[in-house]
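Contents: one structure, followed by commentary.
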Amino acid sequence: MTAAMISWGKGRRAAAAIGAVSLGLVTLSACEKPTDLATVTVGSTTVTAEATPGCDGDGKLLSKKQVETCISKNGGKTITVQPGERVRVGVTPDVAKSGWIVIGGGPVMREASTQTYRSFDADTLFMQQNPQTGQTTYSRSVTLQVAELGKGEGPKTMWHFNLKQKD
């Protein structure tokens with residue numbers, strides 16, 4: 001009689017395990033593709049964000065109107081930076097494969113990167129140059145833009161972060 005109870009317990013455990021695996025597979029198949037993320041790290045502080053609303057072309061190039069709107073957007077998560085600190089920017093491998101750039105107070109990258117991580121001097125990100133006079137000034141805060149580039153001209157996705165200089 002004891003052998004029958006042990007056998008019955010094994011069968012129930014096996015059925016429960018099969019049910020759990022089946023439920024897990026159904027749950028996974030219902031999930032959407034995860035959103036690509038961009039991350040900014042300063043010292044031991046890290047902020048991560050999904051694409052800025054209205055600035056995700058879902059794998060396609062953003063329209064000219066979308067790009068104009070996205071470039072002029074301010075906002076996003078805020079991180080405080082001390083002068084002279086390093087600002088590290090990271091993207092997911094899919095974004096890196098496509099190519100990406102960073103824009104601070106002005107362009108800070110000469111060409112697109114295919115690495116998942118880049119490091120920048122904070123002073124470079126806060127630097128702004130007057131196009132008419134060529135004079136360089138430094139801003140107290142700047143919207144850091146990370147843009148995934150497409151094979152054509154222009155970005156596919158953009159992320160925005162606020163960088164503020166520490167007093």
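Sequence positions, counted from 1, serve as the residue numbers for this chain. Note that the structure is a prediction, hence the values are computed from the model and not measured.
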Partners passing side chain to side chain contact (heavy atoms under 4.5 Å, CB included) against [X] (at least two apart in sequence or in another chain):
X      : value
Gln145 : Ile71, Ile103, Thr143, Met158, His160
Gln129 : Thr136
Lys164 : Thr78, Ser141
Glu111 : none

Under the rule for side-chain hydrogen bond (donor to acceptor under 3.5 Å, both in side chains), what residues qualify as partners of [X], not counting sequence neighbours?
X      : answer
Ser139 : none
Thr48  : Thr39
Arg88  : none
Arg140 : Gln165, Asp167

Hey, are the side chains of [X] and [Y] touching, using non-hydrogen atoms and a 4.5 Å cut-off?
X      : Y      : answer
Val67  : Pro155 : yes
Thr114 : Trp100 : no
Val40  : Leu144 : yes

Measure across [X] and [Y] and return the closest heavy-atom pair with its distance rounded to 0.1 Å.
X      : Y      : answer
Phe161 : Ala38  : CZ-O, 3.4 Å
Ser113 : Met109 : CB-CE, 3.6 Å
Thr80  : Glu85  : O-OE1, 4.4 Å
Thr41  : Gly43  : CG2-O, 3.6 Å
Leu61  : Gly150 : CD2-CA, 3.7 Å

Using residues 53-60 as the side-chain source, report each donor-acceptor pair under 3.5 Å to any protein atom, sequence neighbours left out, with the distance given to one decimal.
{"unit_1": "Asp56", "atom_1": "OD1", "unit_2": "Asp58", "atom_2": "N", "d": "2.9"}
{"unit_1": "Asp56", "atom_1": "OD1", "unit_2": "Thr157", "atom_2": "OG1", "d": "3.4"}

Worksheet item: Any salt bridge (charged side-chain N to carboxylate O under 4.0 Å, His left out) pairs touching residues 67-79, not counting sequence neighbours?
Response: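 Those involving residues 67-79 do not exist here.
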Answer with yes or no whether the hydrophobic clustering places [X] together with [Y]; edges join I, L, V, M, F, W, Y residues whose side-chain heavy atoms lie under 4.5 Å apart.
X      : Y      : value
Val91  : Val47  : yes
Val142 : Val42  : yes
Leu37  : Val146 : no
Trp159 : Leu62  : no

Using atom types as modelled, flag every donor-acceptor pair under 3.5 Å from a side chain in residues 115-128 to any protein atom, sequence neighbours excluded.
{"unit_1": "Ser119", "atom_1": "OG", "unit_2": "Arg86", "atom_2": "NE", "d": "3.2"}
{"unit_1": "Ser119", "atom_1": "OG", "unit_2": "Arg86", "atom_2": "NH2", "d": "3.2"}
{"unit_1": "Asp123", "atom_1": "OD1", "unit_2": "Gly84", "atom_2": "N", "d": "3.4"}

Practice prompt. Examine distances only and state if a side-chain atom of Ser98 and a backbone atom of Val95 form a donor-acceptor pair shorter than 3.5 Å.
Written response: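 Not confirmed, Ser98 side chain does not pair with Val95 backbone.
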Discussion item. Test: disulfide (SG to SG under 2.5 Å). Region: residues 99-133. Which pairs qualify, not counting sequence neighbours?
Written reply: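 As it turns out, there is no disulfide (SG to SG under 2.5 Å) pair with a partner in residues 99-133 once direct neighbours are skipped.
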